[in-house]
K.L.:
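First the structure, then my questions, so here it is.
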Amino acid sequence: MPELPEVETIVRGLRPHLIGRTFAEVELVRSSVLRVPDPVTFEGLVQGAQVVGVGRRGKFIHLVLRGGPHLVIHLGMTGTLTLRKAPEPRLAHTHLVLWLDDGRELRYRDPRRFGRVLLGTPGQLERLGALPRLGPEPLAPTFGRSGFAESLRRTTRPLKAALLDQAVVAGCGNIYADEACFVARVRPTRRGRTLSRAEAMRLGAALPLVMRQALGLRGSSFADFRDGFGAKGEAHEALFVYGRGGLPCVRCGVTLRQTRVGGRTTVYCHRCQR
DNA sequence: CCCCTATCCTGAGGGC
DNA sequence: TGCCCTCAGGATAGGG
């Protein structure tokens, strides 16, 4: 499941390879991955367009095209965006192939199809309501002053549900929500309202910390995540709680508890986290 | 307004 | 060996 560190790994890897390149050919294999008006316009606008920027907002990848439109890609659960030499075999569930002017292909693949592709200027996409409202960026230097900690203290939802809400904080998913709660020593089941100022501040510090750590290890690869060249990350080997229900807490040794919060599997240490 | 649940989708893994 | 069942979860629609 690509979250912020995984998406940022892809963006940083692809950027120097894509900037300045032109999309020579567009192959839209499964047009239902497009969530914008019509496939014909899509192909017309993307074909021949030059990439002038590669960025990220939350879990959305933005390929900025000359003239203003953004090709926006969300990877959902199982999406990958990889650069390949044309003759390399194409995996099943490859929904979109963009041929570059240097003989390589940018391939968008997503077996579970929770991802999507958008195209439009930022203004157009906003008017269409195609992009959700996104909260502050955990890696931004201003994150500490973004009001994130305060917004946690205003909700009656469980912490876990608030952390997964992209309007509260951009880019957090199931892995790093659990990891941040562990580092901040707060139970993900706690209602936001019940947090002390100190606990909310600890979460505000923990989230950028766990994400920077994961980014340094090029993301967590369980089943699906691959970087822009098909390689796995190593961050999953350094996780404290995610995927470790029933195993001993790395801090105190007690058995980690696994439960469901906000419809998601949630793992925490009932001794370290209060 | 806010919160919660069901839904989309495929592949992996367990049980028999 | 193969079949069936369950489970994984990001975002969103719709109900309470």
Side-chain angles (χ1 to χ4, degrees), chain A residues 1-10 29-36 56-62 72-81 90-96 107-118 125-126 128-135 137-138 150-181 188-195 207 211 214 219-226 232 235-236 239 241-247 256 258-268:
Chain A
M1 55 238 58
E3 304 181 24
L4 188 153
E6 289 75 31
V7 176
E8 182 67 22
T9 297
I10 292 172
V29 181
R30 181 188 284 272
S31 58
S32 63
V33 300
L34 266 189
R35 302 298 156 81
V36 263
R56 176 193 62 76
R57 176 78 174 97
K59 301 174 195 171
F60 291 85
I61 297 169
H62 285 245
V72 180
I73 297 167
H74 193 294
L75 298 173
M77 272 284 293
T78 55
T80 54
L81 187 67
R90 231 178 249 185
L91 296 175
H93 309 293
T94 298
H95 306 312
L96 173 66
R107 299 176 183 177
Y108 169 69
R109 173 174 186 262
D110 183 16
R112 220 163 293 180
R113 280 186 259 151
F114 281 13
R116 57 216 142 107
V117 177
L118 307 164
L125 293 170
E126 189 170 344
L128 285 167
L131 293 174
R133 207 159 48 85
L134 294 176
E137 285 286 338
E150 293 71 21
S151 71
L152 287 182
R153 303 219 313 139
R154 277 195 298 268
T155 182
T156 61
R157 283 187 290 181
L159 223 38
K160 179 64 176 275
L163 290 170
L164 295 178
D165 184 344
Q166 301 300 296
V168 170
V169 57
C172 185
N174 208 28
I175 297 175
Y176 302 107
D178 278 10
E179 294 298 303
C181 286
T189 49
R190 283 272 295 281
R191 304 268 160 183
R193 273 263 160 84
T194 71
L195 289 186
L207 192 59
M211 286 191 166
S220 297
S221 294
F222 283 91
D224 302 294
F225 170 68
R226 297 293 184 275
K232 292 188 179 193
H236 53 287
L239 298 178
V241 285
Y242 180 87
R244 300 195 62 245
L247 295 173
L256 295 174
Q258 182 162 321
T259 178
R260 272 186 106 72
V261 188
R264 294 291 169 260
T265 301
T266 300
V267 183
Y268 66 95

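Numbered from 1 within each chain, the chains take letters A, B, ... in sequence-line order. Since the model is a prediction, treat every value here as computed from it, not as a measurement.
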K.L.:
Keeping the roles fixed (side chain from A:Arg264, backbone from A:Lys160), state whether a donor-acceptor pair exists under 3.5 Å.
P.N.:
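Flag not set: sc A:Arg264 to bb A:Lys160 has no pair under 3.5 Å.
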K.L.:
In a check of side-chain contact (heavy atoms from CB on, under 4.5 Å) between A:Val7 and each of A:His74, A:Arg57, A:Arg56, which one passes?
P.N.:
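Going through the options one by one, the only one that passes is A:Arg56.
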K.L.:
Can you check the A:Leu164 CG to B:dC2 C1' distance for me, whole Å?
P.N.:
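That distance rounds to 17 Å.
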K.L.:
Considering heavy-atom distances to DNA chain C, does A:Gln258 or A:Leu131 have its closest nucleotide positioned more toward the 5' end?
P.N.:
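The residue closer to the strand's 5' end, by nearest nucleotide, is A:Gln258.
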K.L.:
Can you list everything that forms a side-chain contact (heavy atoms from CB on, under 4.5 Å) with A:Arg226? Sequence neighbours excluded, please.
P.N.:
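A:Arg226 satisfies side-chain contact (heavy atoms from CB on, under 4.5 Å) with A:Thr80, A:Ser221, A:Lys232 only.
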K.L.:
Report the residues that fulfil ring-ring contact (aromatic ring centres under 6.0 Å, His included) with A:His236, sequence neighbours left out, ordered by chain and then residue number.
P.N.:
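Only A:Phe222 meet the ring-ring contact (aromatic ring centres under 6.0 Å, His included) criterion with A:His236.
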K.L.:
Between C1' on B:dC2 and CZ on A:Arg191, what's the gap in Å once rounded to a whole number?
P.N.:
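It is 12 Å, rounded to the nearest whole Å.
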K.L.:
Any idea which of C:dA8, B:dC3, B:dC4 is nearest the A:Thr265 side chain?
P.N.:
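Between C:dA8, B:dC3, B:dC4, the one nearest the side chain of A:Thr265 would be C:dA8.
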K.L.:
With heavy atoms under 4.0 Å as the rule, sort A:Arg157 into base, sugar-phosphate or nothing.
P.N.:
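Answer is sugar-phosphate: A:Arg157 comes under 4.0 Å of backbone atoms only.
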K.L.:
If you check every side-chain atom of A:Arg264, which of B:dC4, C:dG10, B:dC9 has the closest atom?
P.N.:
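The listed nucleotide nearest to A:Arg264's side chain is C:dG10.
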K.L.:
Using a 4.0 Å heavy-atom cut-off, does A:Arg260 contact any base of the nucleic acid, only the sugar-phosphate backbone, or nothing at all?
P.N.:
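Sugar-phosphate only.
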K.L.:
Is A:Phe114 stacked on the base of C:dA11 when the test is centres under 5.5 angstrom and planes under 30 degrees?
P.N.:
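No, the aromatic ring of A:Phe114 does not stack with the base.
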